[in-house]
Amino acid sequence: MALLYSLLWRLLLVLVHINRALVSWFRVRLRSWKGRLWERLVAALLLPVALAGFPDHQKKLIQNPNANANPGNRTAGRRSRWLSDGRSLEKLPVHIGLLVAEEEPSYTDIANLVVWCMAVGISYVSVYDHHGIFRKNNSRLMEEIVRQQQDLLGADGSKYNVEFLSNGSDKHQHQVVSCRPTLKVLSPEDGKQSIVQAAQQLCRSVENKERSSKDISVSMLDTMLRESKNTPDPELVVKFGPVNSTLGFLPWHIRLTEFISLPTHRNISYEDLLGALQRFGVCQQRLGQ
């Protein structure tokens, strides 16, 4: 008898649990159905109001989607953003180096980088590749820079014109117009080889008794290696490519330079360059005494 009562009690408990589950399910379904019904009712009430208040100029835009696509507005917006980004950085390099450690350099992408650097307020840009391709074809690079100035900056490109300094002299090999951000195109000849040549020149001067060995100093060598006293050392070098080396980039000038590596310069975006500048802006340089 006790066994029978136990079975009946368990059966009643199972029925209670089933009842609770069914009640909870119906409540959820009813609540969901009421919510959907309410949303549809509100949408039906607001639809005539939205259609009645649709602005005429929005209708014109639907008929002519390119009506407000003014290239001048886009150019001004980009230029304003670049200037704002440059001012917002903790620190902005006066001189930046673009070191291409890839086999096939892209003139268009390097030209974009040069124009972006000028637009954010960087005064000196040096472009370097290990094979000297840009140095051998500097006129092609300058043509591409002028083209990208026009595409990216429009009529205001004249405010960011480049003074192109040839290596070995301060004469202008090419000058676009006025504002004077300075571009230098470098090759390995401007790196270790220039140090070797300066040392050989000093040795010959001592041999010819033009100088005494006691006269040779670091400052003398420094003067011989600096082609333009008005060009500061680069504070930042952005290296493009998988090679973990400076590849002979101005070894005399990069004692205090920060290096930041990016995977490639091909199809690079402005955001990639801005990210590198932001990393430079927050880096701490402990120079010591």
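Computed from heavy atoms alone, side chains included, the values below leave out hydrogens, waters and symmetry copies.
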Set of side-chain contact (heavy atoms from CB on, under 4.5 Å) partners for K136, sequence neighbours left out: none
Separation of H253 NE2 from L186 CG (nearest 0.5 Å): 8.5 Å
Exceeds 12 heavy-atom contacts within 6.0 angstrom, atom CZ of R140: no
Spacing of CD belonging to E104 relative to CG belonging to D129, to within rounding of 0.5 Å: 12.5 Å
Whether W82 and Y270 hold their rings parallel, tilted or perpendicular, with breakpoints at 30° and 60°: tilted
Side-chain donor-acceptor contact under 3.5 Å, D85 with S88: no
Shortest non-hydrogen contact between A101 and P242, atoms and distance: O-CD, 4.1 Å
I260 CD1 to L236 CG distance, which is reported to the nearest 0.5 Å: 5.0 Å
Pair V127-I110, side chain to side chain contact (heavy atoms under 4.5 Å, CB included): steps then yes or no: CA-CA 8 Å; V127 177; I110 288 297; 4.0 Å; yes
Pair I268-L262, side chain to side chain contact (heavy atoms under 4.5 Å, CB included): steps then yes or no: CA-CA 9 Å; I268 193 168; L262 295 179; 4.0 Å; yes
Stepwise salt bridge (charged side-chain N to carboxylate O under 4.0 Å, His left out) test for E271 and R81: CA-CA 12 Å; E271 285 70 24; R81 179 199 171 185; 3.1 Å; yes
Heavy-atom pair of closest approach, residues S261 and R279: O-NH1, 4.1 Å
Nearest-0.5 Å distance that lies between atom CD in E144 and atom CD in Q149: 11.0 Å
Non-hydrogen atoms of A111 and Q148 that approach each other most closely: CB-CG, 3.7 Å
Side-chain heavy atoms of I145 within contact of L183, under 4.5 Å: yes
Set of residues satisfying side-chain hydrogen bond (donor to acceptor under 3.5 Å, both in side chains) with respect to S205, sequence neighbours excluded: R211
Closest approach of G86 to L92 (non-hydrogen atoms, all atoms of both residues): O-CD2, 4.4 Å
side-chain contact (heavy atoms from CB on, under 4.5 Å) partners for S106, two or more places apart: T108, D109, H265, R266
Donor-acceptor contact present, side-chain K239 to main-chain G241, <3.5 Å: yes
For H95, all residues meeting side-chain contact (heavy atoms from CB on, under 4.5 Å), sequence neighbours excluded: Y124, S126, T231, P232, P234, E235
Identified side-chain contact (heavy atoms from CB on, under 4.5 Å) counterpart of I96 within the set V237, I122, L113: I122
Donor-acceptor pair, side chain of N137 and main chain of I133, under 3.5 angstrom: yes
N208 atom CG, over 12 foreign heavy atoms within 6.0 Å: yes
Inter-residue atom distance R204.CZ - Q200.CD, 0.5 Å rounding: 6.0 Å
Test log, rule side chain to side chain contact (heavy atoms under 4.5 Å, CB included), inputs D272 and W116: CA-CA 11 Å; D272 295 326; W116 290 331; over 6 Å; no
Heavy atoms of other groups near E90 CD, more than 12 under 6.0 Å: no
Counterpart residues, side-chain contact (heavy atoms from CB on, under 4.5 Å), relative to E143 (two or more places apart): none
Chi angles and distances behind the side chain to side chain contact (heavy atoms under 4.5 Å, CB included) call for C283, K91: CA-CA 9 Å; C283 72; K91 56 181 177 179; 3.9 Å; yes
Gap separating the OG1 atom of T257 from the CZ atom of F280, nearest 0.5 angstrom: 9.0 Å
Residue list, ring pair (Phe, Tyr, Trp, His ring centres under 6.0 Å) with Y107, at least two apart or on another chain: F134
N/O donor-acceptor pair under 3.5 Å between K184 side chain and Y128 backbone: no
Where P188 and G132 come nearest, the two heavy atoms and their spacing: CD-N, 4.2 Å
